[in-house]
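Beneath this line is the structure, given in structure tokens, with notes to follow.
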Amino acid sequence: MIQTLDVSVVYNGGPPALRDVSLRIEKGEFIFIVGPTGMGKSTFLKLINREAVPAKGKVIVAGRDITKLEARHIPELRRQIGVVFQDFQLLPQKTVWENVAFALQAIGADRHRIYREVPRALELVSLTHKANSYPQELSGGEQQRVSIARAIVNNPAIVLADEPTGNLDPETSWDIVQLLSKINIRGSTVVVATHDKYIVDGMKKRVVAIENGQVVRDEPGGYHHAVTEELGILPP
Amino acid sequence: MIQTLDVSVVYNGGPPALRDVSLRIEKGEFIFIVGPTGMGKSTFLKLINREAVPAKGKVIVAGRDITKLEARHIPELRRQIGVVFQDFQLLPQKTVWENVAFALQAIGADRHRIYREVPRALELVSLTHKANSYPQELSGGEQQRVSIARAIVNNPAIVLADEPTGNLDPETSWDIVQLLSKINIRGSTVVVATHDKYIVDGMKKRVVAIENGQVVRDEPGGYHHAVTEELGILPP
Amino acid sequence: MLSLRNWEFFLRETFINVRRNGLMSLAAVSTVVVSLSILGSFLLAVVNLDAMASDMARKVEITMFFLEPVSKIGAQRARKRVLEIRGVKEVQFVSRREALNRLKERLEGQIDFSDIEKSNPLPDSLEVRVFDPDQVGNVVTQLKRMQPPAGVPGFDTPQYGEKYAQRILHFSRAVKALGMFTAALLSLSILVIINNTIRLTIFARRREIRIMQLVGATNWFIRVPFLMEGILHGFIGSALASLLLLCGYYYTVTHFRMAFPFVPVIPVEGIMGHFFWVLCFMGLLFGYAGSLISIRKFLANL
Amino acid sequence: MLSLRNWEFFLRETFINVRRNGLMSLAAVSTVVVSLSILGSFLLAVVNLDAMASDMARKVEITMFFLEPVSKIGAQRARKRVLEIRGVKEVQFVSRREALNRLKERLEGQIDFSDIEKSNPLPDSLEVRVFDPDQVGNVVTQLKRMQPPAGVPGFDTPQYGEKYAQRILHFSRAVKALGMFTAALLSLSILVIINNTIRLTIFARRREIRIMQLVGATNWFIRVPFLMEGILHGFIGSALASLLLLCGYYYTVTHFRMAFPFVPVIPVEGIMGHFFWVLCFMGLLFGYAGSLISIRKFLANL
Ligand SMILES: Nc1ncnc2c1ncn2[C@@H]1O[C@H](COP(=O)(O)OP(=O)(O)OP(=O)(O)O)[C@@H](O)[C@H]1O
Ligand SMILES: Nc1ncnc2c1ncn2[C@@H]1O[C@H](COP(=O)(O)OP(=O)(O)OP(=O)(O)O)[C@@H](O)[C@H]1O
Ligand SMILES: [Mg+2]
Ligand SMILES: [Mg+2]
């Protein structure tokens, strides 16, 4: 369970990126965060893995207020969360294989598990043939899929995907969302920040729209409210 | 006029990223490059600004075969081309303003021109309020728009846009494409590699589809052939 | 927490990093080589200077003039008695004849010795050397108190170049102190240089550290490969520096000995083992300290 | 191509870079400070050692013994004659009486002088000093050929500690040669260190260089701010090092003089201006060379 209570985020002196956001995401939920560019979607995701610290309010993840987490306990939190970063954040000196394996090594997985899980994850994002390439040798979409593979390789309780299909064609995008959906069905909570109208409309999941740092819409349905109405899905 | 003649690109020892691609783009054209992820769209764009050198074939830009260009003449070529990079390629130590200004400084523009053009370009991508931010302090979509502003600031003869709307919401994406269209009407040749079906379908421009390093479709119309037929636009 | 599996990972990680960051490794290692060579050369110079100064100091002599001419047997007895005194290293009997010969040699051409040679105004004497130049004063006091053995004439007050001895001692102490002070300062400087270099190699990879943190790696997990890399760079660099210095020293000593046979230098064998390990240890330590100090900064902003 | 506008841009660019890359600038500058301080200290030491050795060599004396006792006026005449010889710096008359007094002082307690004092076997003499110790041999040859002025007794063959003089000369030359060789080697080492440091600062920004190339900047346009940065780092570092060294030297010289008043050291004023500028120039040069060498590599893959 993820919950934010009246959270505001202020980046050094600027206007608040999030303003009094209260949102509750149940365990096992699949939720889309949508909204115009620069309105606070990534910031909201960063709150959950404590990349961002709120100026005010509480962020509760798995029953703990992580705003008060000591620095040395942050890795524990992050190991339960798989993140697909908007800018991929791949280690440039490591191959695709090593990048994905690193997420397992960091949590102390043994050789056996690494050699079982990494190929499986690469298989899921269709990158087995690029295992020995370095990130700079990949196309944008391939890098994005490496980031996805790394996020899901250790079966995290929470998956945060920030624009996971921005560099993928519609067909591959759909495959990736199906993959996230599968992981969700297996028990992970999945939060996807996206601009992809096709996907949001097609999935008919809960959609939270953020505008100017505030939640302006929270209902199951499509990317736009009109679509939701068209689909005939009513707010809960 | 941009023309490739039987061009193949091979990245160190791997399978060819482009195979015998012959394509002719007229001066003042607006063209979309589409295709599944990792199939060679970016590689095609990289050929034009000589980021990539073909293993075979000719690449003719403005009447010159640039595959034989000497290293010291490459900057001259690149100054005529504005590129929106798929991974933005912003200078991390420079502010948004400085990043955009750098493209002008590099071509030796004077102070006056810089102070006139930079604010105008930032205005066009709605980033005037972020002029003094550093790239790390921007959202993904904002970074992307800085890259766009830099690409168009010096009115280049050719604009190459690699996935220019991957991090933008549908509305902003549409605005950006309109912007590129306006620049096209003013005389620049515009080549856009994209996955954005909405935009390609909406623009009804020439679409080149690349798959497995080869041109598999080249016709005015939509993202998919089916859409093109639906639109009733016939191949020329 | 530090299981075998982890160490395996760290070792592989370290070697992969060193290989993939060839340029940085080269820069780090060559800086260590060069700077430790400087430090090492300096230490070698100091050690030798110190040895020379000590050697000079050790040459301070106390002369005991017999009040009257003495027989060979009497001289031997007196010599033994002096040798028993604590701190005395060597005692040599110098007969009046020998003393005159020495003087002649020294003043050759300045004096017409024909007159003097007949009467020989020089007395018999014992020349006393001490182990530790610091002890000259003590030994003299004891020599003054000493009773000559039976049948042997007494001694005049012991003579030694007091001012000269003081000066030499002063000098030798100054060399030691200055050497140690400068060595400390130089070591510190070298540490600064190596630290800067390592900091820059880590700085070039600050983004990687950040990514590792974002993926949930603990700080020590991130830190260990960097520390091992620092140690490796330090060790390789210092080993190369040691080798270079030993070769250079061997060459220099050989030539120096030929040019200045009278100046005492420490032979290569005398410093080899010790020196090699000290320098390697220093390199290792500097590498470790450098990376430890440097990485801290980049791990801070979790 | 290099318009005023460009220089304005480069200057601003350089200062912005130095400010925004505070950590790297700090590392670069402190490395320059430390390594040039080492080089500077060494040079100061060499210059002083050289001065000392020259001083020693200059003390080599040639003694001309008169064959017979000489009058004061005769001695003065002879002295003038000797002074005319090329290469002679100073001539001092030493009477037999003085000579005996000196000897007494030296051999105090070793000889009973009562006998000698009466007859005084020592001759009158002239002590000759030369300007350049290398010229001793020549001067001696000329002295041998010289005719004593009228009314003055002739001279014995000129005496000088030939072996001693040779040794001192040898030593002084060795100090000079070794000093220059080591200074060259050390300068090279410092260049390596500074070059490595600058290379790493540029390495940390290799991506930026790549981006600038992609945007169409020419290589010289990219290079100039880096070069200027290198020069700035080198200059600031060397200026600080000079200051540090001058203060340190002043302090050391003051104390050293008190401890060893008989050893000649070069006063601060004697090196100040010159030294300061040489070191600053070196820093500047090293900074420039370092960045020029380093950036080349990163500009290559257009
Ligand atoms: N590190 C930072 N420092 C300062 N401002 C920041 C920082 N990160 C984000 N911002 C600002 O906060 C606002 C929200 O950013 P955020 O990344 O959450 O937007 P977003 O909704 O993810 O946008 P996009 O769809 O473009 O990714 C933006 O205006 C951005 O400029
Ligand atoms: N520098 C490189 N070294 C080696 N292989 C590369 C390099 N750059 C691209 N490739 C490979 O070439 C192929 C084509 O890459 P390209 O970037 O052109 O694809 P793309 O069509 O732009 O894909 P995307 O839509 O994901 O951006 C990919 O398989 C990629 O892995
Ligand atoms: Mg975002
Ligand atoms: Mg691409």
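Residue numbering restarts at 1 for every chain, and letters A, B, ... go by the order of the sequence lines. None of these values were measured; they are calculated from a predicted model.
Between C/E229 and C/R20 there is no salt bridge, since no side-chain nitrogen of the basic residue lies less than 4.0 Å from a carboxylate oxygen of the acidic one. The pair C/R102-C/E127 counts as a salt bridge, with a side-chain nitrogen and a carboxylate oxygen less than 4.0 angstrom apart.
Under the 6.0 Å distance and 45° angle rule, D/R199 does not count as a cation-pi partner of D/F203.
Using a 4.5 Å cut-off between heavy atoms, D/L23 contacts chain C through its side chain alone, with no backbone atom that close.
If you tally non-hydrogen atom pairs under 4.5 Å between each of C/V192, C/I190, C/L26, C/I38 and chain D, the highest count goes to C/I38. Among the candidates D/L200, D/T197, D/T182, the residue making the largest number of heavy-atom pairs closer than 4.5 Å to chain C is D/L200.
Not one N or O on the side chain of D/S242 forms a donor-acceptor pair closer than 3.5 Å with the backbone of D/L279.
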